[in-house]
Amino acid sequence: MKELNETLKNAYDTVSAPDALKERTITYIESQRTLENDSIASLEQNSSSPEKGTLAFEGIPSPQISGEALSVGRKRRSRSRVLGYALAACMACLLAGFGGFSLYTSETTYIGIDLNPSLELGINRFDRVVSTHAFNEEAQEILDGLSLEGMHYNDALDALAQDKLFSEYLTVDAFLSISVTSKNEEQSLAVQGHCEQYLTSLPCRGSCHSVSDEIRTEAHAEHMGVNRYQAALILLDLDSSLTLEDCKTMSMRELRERITAAGGEELLGSASEGHHGQGHSQGQGQGMGSGNGNGAGQGRWQ
Amino acid sequence: MREPEDIEDKISRYGDTVWRACLVYFKPGPDAEDVFQETFFKYSLHKKPFTSDEHVKAWLITVATNKCKDLLKASGRKYVELDQLTNQQLLASQNMSVSSDESMLFEEVMTAMRKLDDPPRTPLYLAAYEGYTAPEIANMLNAPINTVYSWISRGKKQLREALS
């Protein structure tokens with residue numbers, strides 16, 4: 001980043017606003033001031049008698065609807081038409097069947113879990129796990145030994161916690177980050193709530209927050225879990241000597257410790273020290289921790 | 001409206017900053033000049049007090065970048081390349097004696113920046129040149145902090161590729 005900063009600095013430092021432009025701007029603003037003063041003076045002179053018609057406006061005529069456009073003819077139904085309806089009904093039933101299957105297998109929410117293993121559970125509108133994805137070898141080894149698909153996500157999370165391989169990472173000094181990405185706000189809030197509860201049952205610290213689909217897509221493009229990717233971006237901004245590849249091999253605890261060491265502690269959000277944040281965040285995520293708020297920025301300076 | 005002395009002071013102190021922000025979107029020419037003027041005109045009408053000089057600067061940059069985006073959107077453009085001064089002509093108009101290497105770098109960087117999507121163009125400029133942190137940029141652009149980090153990372157990658 002330093003090299004890029006230097007390049008931009010060298011380019012943009014050569015730029016300054018032309019003096020003529022600055023002078024024209026001052027002249028323009030002063031001309032607007034004169035206009036404003038003149039119009040105020042004019043209004044004050046005429047304040048006792050408002051002009052007729054200044055507030056008048058024309059009515060908008062109602063649109064005319066043609067009688068011809070509304071006419072509907074009656075047609076006799078033929079046997080072929082009845083057959084056509086029957087065929088259409090059969091097709092509709094078939095499609096509904098396929099549609100239902102598609103509905104069941106489609107993910108509506110993704111739960112990203114980053115500890116040192118990084119994995120993701122895709123859940124459908126019925127809260128069932130329909131897909132799993134591992135982002136590193138540790139996670140792949142864990143998922144290979146489990147059969148989570150078809151389970152309710154609460155049961156899947158419990159199965160993970162009880163899994164021998166996964167539980168080895170759940171030490172007291174570990175940090176488990178959970179992200180929830182969903183287009184269904186109701187489901188997102190419910191899942192976040194349950195994940196918060198889940199975290200309280202674990203021996204390690206952790207946090208849960210919602211993340212936009214955009215960030216999830218970027219994380220996946222880098223073959224990283226969402227939480228690890230977000231932490232990596234914060235760390236890279238603070239310590240330009242590291243690369244994304246370096247961050248991929250760090251545990252969440254290590255990433256957070258390095259962020260804190262680099263002075264970015266306030267960017268880690270409000271994950272509690274003891275166990276597990278309370279409440280959950282909405283919107284696009286707020287730092288790296290959990291907490292209440294809408295995570296939508298502080299407003300514009302206008 | 002704000003007093004003339006106040007406006008002249010701000011144009012003197014932040015004119016270059018606002019102009020540079022305009023050039024992130026436009027080549028030097030009528031569009032960039034319009035945005036420059038409108039930004040300071042808007043400042044002259046702004047009634048709420050500012051908390052600090054940094055607040056003023058950030059406000060001016062935000063207004064300028066928003067106006068640039070509005071102008072581009074209104075004309076259906078992503079960036080402007082035609083019918084305006086070339087970057088070399090700009091440097092010449094400013095009576096700046098720059099080496100041909102500097103002139104080429106300027107041209108290359110400006111063009112590469114203007115070809116980036118926005119975001120990440122604006123967040124990248126604010127972070128990499130103006131030195132704002134991601135939380136500050138999130139505040140200016142009314143965007144979530146993590147999204148800003150993502151934009152900056154993506155912008156750096158795209159700009160490096162464009163310049164390599």
Side-chain angles (χ1 to χ4, degrees), chain A residues 1 3-26 28-30 32-33 36-37 209 211-212 214-215 218-219 221-222 226 229-230 232-234 236-238 244 264 266-267 269 283-288 294-302, chain B residues 1 4 7-8 11-12 15-16 18-20 23 28 33 36-37 40-42 44-46 55 58-59 62-63 66 90-91 93-94 96 98 102-103 105-106 108-110 113 124-125 127-129 131 133-135 138-147 149-150 152-154 156 159-160 163:
Chain A
M1 176 73 165
E3 198 188 304
L4 203 63
N5 289 4
E6 209 55 47
T7 304
L8 284 173
K9 190 174 173 354
N10 290 339
Y12 281 101
D13 274 356
T14 58
V15 175
S16 58
D19 290 336
L21 174 60
K22 291 178 185 175
E23 283 160 21
R24 280 202 304 277
T25 301
I26 293 170
Y28 166 69
I29 292 172
E30 291 315 306
Q32 296 302 307
R33 189 194 304 277
E36 186 187 322
N37 291 341
H209 58 281
V211 169
S212 71
E214 186 187 358
I215 293 181
E218 285 187 17
E222 299 291 344
V226 170
Y229 178 70
Q230 286 187 306
L233 290 186
I234 296 175
L236 291 177
D237 195 56
L238 294 167
L244 204 56
E266 77 277 4
L267 299 169
Q284 301 295 311
Q286 191 172 7
M288 286 298 299
N294 60 25
Q298 311 297 316
R300 281 183 162 191
W301 289 354
Q302 287 279 4
Chain B
M1 284 177 86
I7 297 167
E8 282 181 43
I11 291 176
S12 168
D16 293 347
V18 171
W19 183 236
R20 282 191 286 260
L23 297 191
E33 291 179 8
F36 182 90
Q37 286 194 352
F40 283 105
F41 179 53
K42 193 153 183 184
S44 73
L45 299 174
H46 187 77
H55 186 188
W59 187 92
T62 305
V63 168
N66 285 338
L90 162 71
L91 292 172
S93 74
Q94 293 179 161
M96 295 185 66
V98 295
E102 283 172 335
S103 171
L105 171 68
F106 178 77
E108 209 178 320
V109 169
M110 293 288 179
M113 279 291 282
L124 176 64
Y125 172 75
Y129 182 73
T133 63
N139 196 20
M140 290 164 79
L141 301 182
N142 193 24
I145 294 174
N146 286 327
T147 305
Y149 278 119
S150 167
I152 293 170
S153 171
R154 196 182 348 143
K156 280 188 268 174
L159 189 63
R160 262 194 224 108
L163 293 175

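Throughout, a chain's letter reflects where its sequence line sits, starting with A, and its residues are numbered from 1.
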Problem - A:R24 vs B:E33, salt bridge (Lys or Arg N to Asp or Glu O under 4.0 Å): CA-CA, chis, key distance, verdict - result: CA-CA 10 Å; A:R24 280 202 304 277; B:E33 291 179 8; 2.9 Å; yes

Problem - Exercise: identify the closest heavy-atom pair between A:V15 and B:R20 - result: O-NH1, 3.0 Å

Exercise for the section: Would you mind telling me which of A:L21, A:D19, A:I26 has the largest number of heavy-atom pairs within less than 4.5 Å of chain B? Expected result: A:L21

Exercise for the section: Hey, could you give me the OH/CG distance between B:Y129 and A:L4, rounded to the nearest 0.5 Å? Expected result: 14.0 Å

Handout entry: Where A:A17 and B:D16 come nearest, the two heavy atoms and their spacing
Key = N-OD1, 2.9 Å

Problem - Which atoms of B:S150 approach chain A - backbone, side chain, both or neither, heavy atom under 4.5 Å - result: both

Handout entry: Side chain to side chain, A:K22 and B:W19, heavy atoms closer than 4.5 Å
Key = no

Handout entry: Minimum heavy-atom distance A:E214-B:R154, with the two atoms named
Key = OE2-NH2, 2.7 Å

Exercise for the section: Against chain B, label A:Y28 side chain, backbone, both or neither, depending on which of its atoms sit under 4.5 Å from a heavy atom there. Expected result: side chain

Problem - From B:F41 atom CZ to A:Q32 atom CD, the distance as rounded to the nearest 0.5 Å - result: 4.5 Å

Practice task
Evaluate the side-chain proximity of A:L233 to B:N146: yes if any heavy-atom separation is below 4.5 Å, no if none is.
Solution key: no

Exercise for the section: Before giving the answer on side-chain contact (heavy atoms from CB on, under 4.5 Å), spell out for A:I29 and B:Q37 the whole-Å C-alpha distance, their side-chain angles and the decisive distance to 0.1 Å. Expected result: CA-CA 8 Å; A:I29 292 172; B:Q37 286 194 352; over 6 Å; no

Practice task
Any chance you could measure A:R33, atom CZ, to B:I7, atom CD1, to the nearest 0.5 Å?
Solution key: 4.5 Å

Fill in the blank from the handout: The interface call for A:E23 against chain B, heavy-atom contacts under 4.5 Å, is neither

Fill in the blank from the handout: CG of A:D237 to CD1 of B:I152, rounded to nearest 0.5 Å, is 5.5 Å

Handout entry: Results of side-chain contact (heavy atoms from CB on, under 4.5 Å) for B:T133 - residues two or more places apart only
Key = B:P135, B:E136

Fill in the blank from the handout: Here the gap from B:K156 atom NZ to A:L8 atom CG, rounded to the nearest 0.5 Å, amounts to 11.5 Å

Handout entry: Atom group of B:I11 that falls short of 4.5 Å from chain A, counting heavy atoms
Key = both

Problem - Nearest-0.5 Å distance that lies between atom OH in B:Y149 and atom CD1 in A:I234 - result: 5.0 Å

Practice task
Could you pull out the closest heavy-atom pair between B:V109 and A:Y12, with the gap in Å?
Solution key: CG1-CE1, 4.3 Å

